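Worksheet: the structure to be examined is printed underneath.
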Amino acid sequence: MAKLGHTVTGIDVDTRKIDSLAAGEAPFHEPGFTELLRSSLASGRLAFSANMADAAGHDVHFLCVGTPQAPGSPAADLRYVHAAIGALTPFLAGPDPTVVAGKSTVPVGTARALADTLRPTSPNVTLVWNPEFLREGFAVQDTLQPDRIVYGLGDGETARGGADALDRVYAHALSQGTPKIETDYETAELVKVSANSFLALKISFINGVARVCDAAGANVADLARAIGLDDRIGKKFLRSGIGFGGGCLPKDLRAFSARATELGADGLADLLDQVDRINLSQRAWVVSLVTHGVGPDLAGVPIGVLGAAFKPETDDIRDSPALAVATALATRGAAVRIYDPAAGRVLPTDEPGITVANSVESAVRDARAVLVLTEWDEFVPLDPTDLADLTTGRLIIDGRGALDPARWRDAGWDYRGLGTR
Ligand code: UDX
């Protein structure tokens, strides 16, 4: 927003993050973000604070807090949304028209309830629900050039003013022709969870087909390429492998299923639950490939794992399939050594059976099996002959369909993919 010319204050309760951001240091790995942060700080239009009073006086307040899965339930945990709104409300009582723009992913019905809560104390505040679609690893690009902008508007007279204020915020993207959809709160909330659930559905569909390919002797990678050329299907999100993870797809899928059940849409809830089940079963499939290759007793078996983040170009390990597989192997007694180019520094160092390595070489040294579980660019060109000099076994499991099977087989490796040949 600062890059686009707006004057921005970023507020968080986490003072460690605020201090780091204010010093121009990104508290996470995101390509292009540090440069953008530093140039925006230097422009004087960006500041950070842990004091909500510093939010006062701005025309628009973006609510961007997380809505993780609630402990012991599939539903979303809204405590941070309520805490942020509660802390902001005292600064919204003035006479000037102000907009609160909700970016957090919330269960349908949340925005209307929040608007009802705000109305008595903050009559000049307009709530707009404005879901966020950025992808980790592409966050800068997706923010500066979004593929769509959605406004969920309330019914009151001020709704138009809220939309107009956001039009000024997004003037640059709108002038570039970014499509904008104005709708009601409920639809805007559902757009976000539907989008993420549909992406998850595509991935679990292809992973389900990968099982059939594996049993029937077919190749899911060729199949995905062929069906993806039909533009009604599209080629994206048909990469089979160990499944989806991260801070969004898994918890949005579960929260949508929980809300669908509450609203009586059992068919959709069943479909979403099945998507989740297929996804989680991919992790067990990888473990079975390991035991098939090195034997059922994994006690003390050295295994090299390449990749820990839930996808490349991020250090995010939330609900990471790669880490879940590594942990499952360690739980069965394997001596797992794991390397990730970015997530290494955030991996827990006290996980029994898991050692964090600082290079591919040290992760795979003496390993009986090597697993590629996050498709970092660094892993794709690895030389199978060089690696074979370091390992004791020749089992390579390609959990992301990232490697060239022929290249590894020609070098004497037992290459195993998930439905690839
Ligand atoms: C997702 C949505 O894409 C984004 O629009 C939303 O705002 C936030 O959630 P993100 O969590 O960054 O973004 O990850 P995404 O790129 O969607 O990937 C999610 C997971 O699916 C990753 O674990 C990835 O490895 C996996 N994936 C993706 C596959 O297994 N196969 C594919 O073909 C694509």
Side-chain angles (χ1 to χ4, degrees), residues 28-31 33 64 66-69 76 102-106 129-143 145-150 188-210 220-221 223-225 227-228 233-256 275-276 278-283 285-286 306-325 340 342-343 372-377 379 398-402 417-420:
F28 45 70
H29 176 90
E30 182 64 43
F33 177 71
C64 313
T67 51
Q69 188 174 339
K103 287 236 149 261
S104 307
T105 304
V106 292
W129 215 260
N130 174 219
E132 176 55 58
F133 303 106
L134 73 78
R135 297 160 298 167
E136 291 181 32
F138 298 91
V140 171
Q141 175 191 323
D142 287 354
T143 305
Q145 291 126 24
D147 57 4
R148 77 277 212 199
I149 296 173
V150 176
E189 293 166 323
L190 285 170
V191 164
K192 176 61 198 258
V193 285
S194 302
N196 274 356
S197 297
F198 190 74
L199 294 172
L201 176 77
K202 279 190 93 174
I203 299 167
S204 278
F205 176 81
I206 203 67
N207 282 335
V209 172
V220 72
L223 179 146
R225 239 190 334 273
I227 65 171
I233 296 174
K235 62 181 196 278
K236 294 184 179 163
F237 275 69
L238 285 180
R239 266 182 294 110
S240 63
I242 59 171
F244 58 81
C248 292
L249 260 52
K251 63 101 179 164
D252 288 354
L253 183 74
R254 291 172 195 147
F256 195 17
V275 167
D276 197 12
I278 291 178
N279 189 53
L280 296 176
S281 75
Q282 296 303 97
R283 305 171 183 192
W285 187 2
V286 178
L306 303 182
F310 83 100
K311 67 174 191 178
E313 298 304 338
T314 178
D315 58 359
D316 195 343
I317 53 169
R318 286 176 295 171
D319 213 331
S320 166
L323 201 51
V325 168
D340 188 285
V372 175
L373 300 182
T374 311
E375 67 278 33
W376 282 98
D377 283 347
F379 303 150
D398 184 3
R400 289 291 186 184
L418 305 180
T420 51

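All heavy atoms count here, side chains included; hydrogens, waters and symmetry mates do not. None of these values were measured; they are calculated from a predicted model. In listed order, ligands and their atoms are each counted from 1.
- Looking at Lys311 and Glu375, no side-chain N of the basic residue comes within less than 4.0 Å of a carboxylate O on the acidic one, giving no salt bridge.
- The pair Arg318-Glu136 meets the salt-bridge criterion, with a side-chain N (NZ, NE, NH1 or NH2) lying under 4.0 Å from an Asp/Glu carboxylate O.
- Ion pairing between Asp319 and Arg254 holds under the 4.0 Å rule for side-chain N and carboxylate O.
- Residue-to-ligand polar distances place Glu136 within reach of ligand 1: an N/O pair is separated by less than 3.5 Å.
- Among Cys248, Gly247, Gly243, the residue whose heavy atom lies closest to atom 8 (C) of ligand 1 is Cys248.
- Here the side chains of Phe244 and Pro250 are in contact, with some heavy-atom distance below 4.5 Å.
- Side-chain contact check for Phe133 versus Val150: some heavy-atom pair is nearer than 4.5 Å.
- Looking at Arg400, Lys311, Lys202 and measuring to atom 18 (O) of ligand 1, the nearest heavy atom belongs to Lys311.
- Between Phe310 and ligand 1, at least one pair of N/O atoms sits closer than 3.5 Å.
- The shortest N or O to N or O distance between Leu134 and ligand 1 is under 3.5 Å.
- At a 3.5 angstrom cut-off on N or O pairs, Arg239 counts as close to ligand 1.
- By the 30° and 60° cut-offs, the orientation of the rings of His29 relative to Trp376 is perpendicular.
- Between Leu238 and ligand 1, at least one N/O pair is under 3.5 Å apart.
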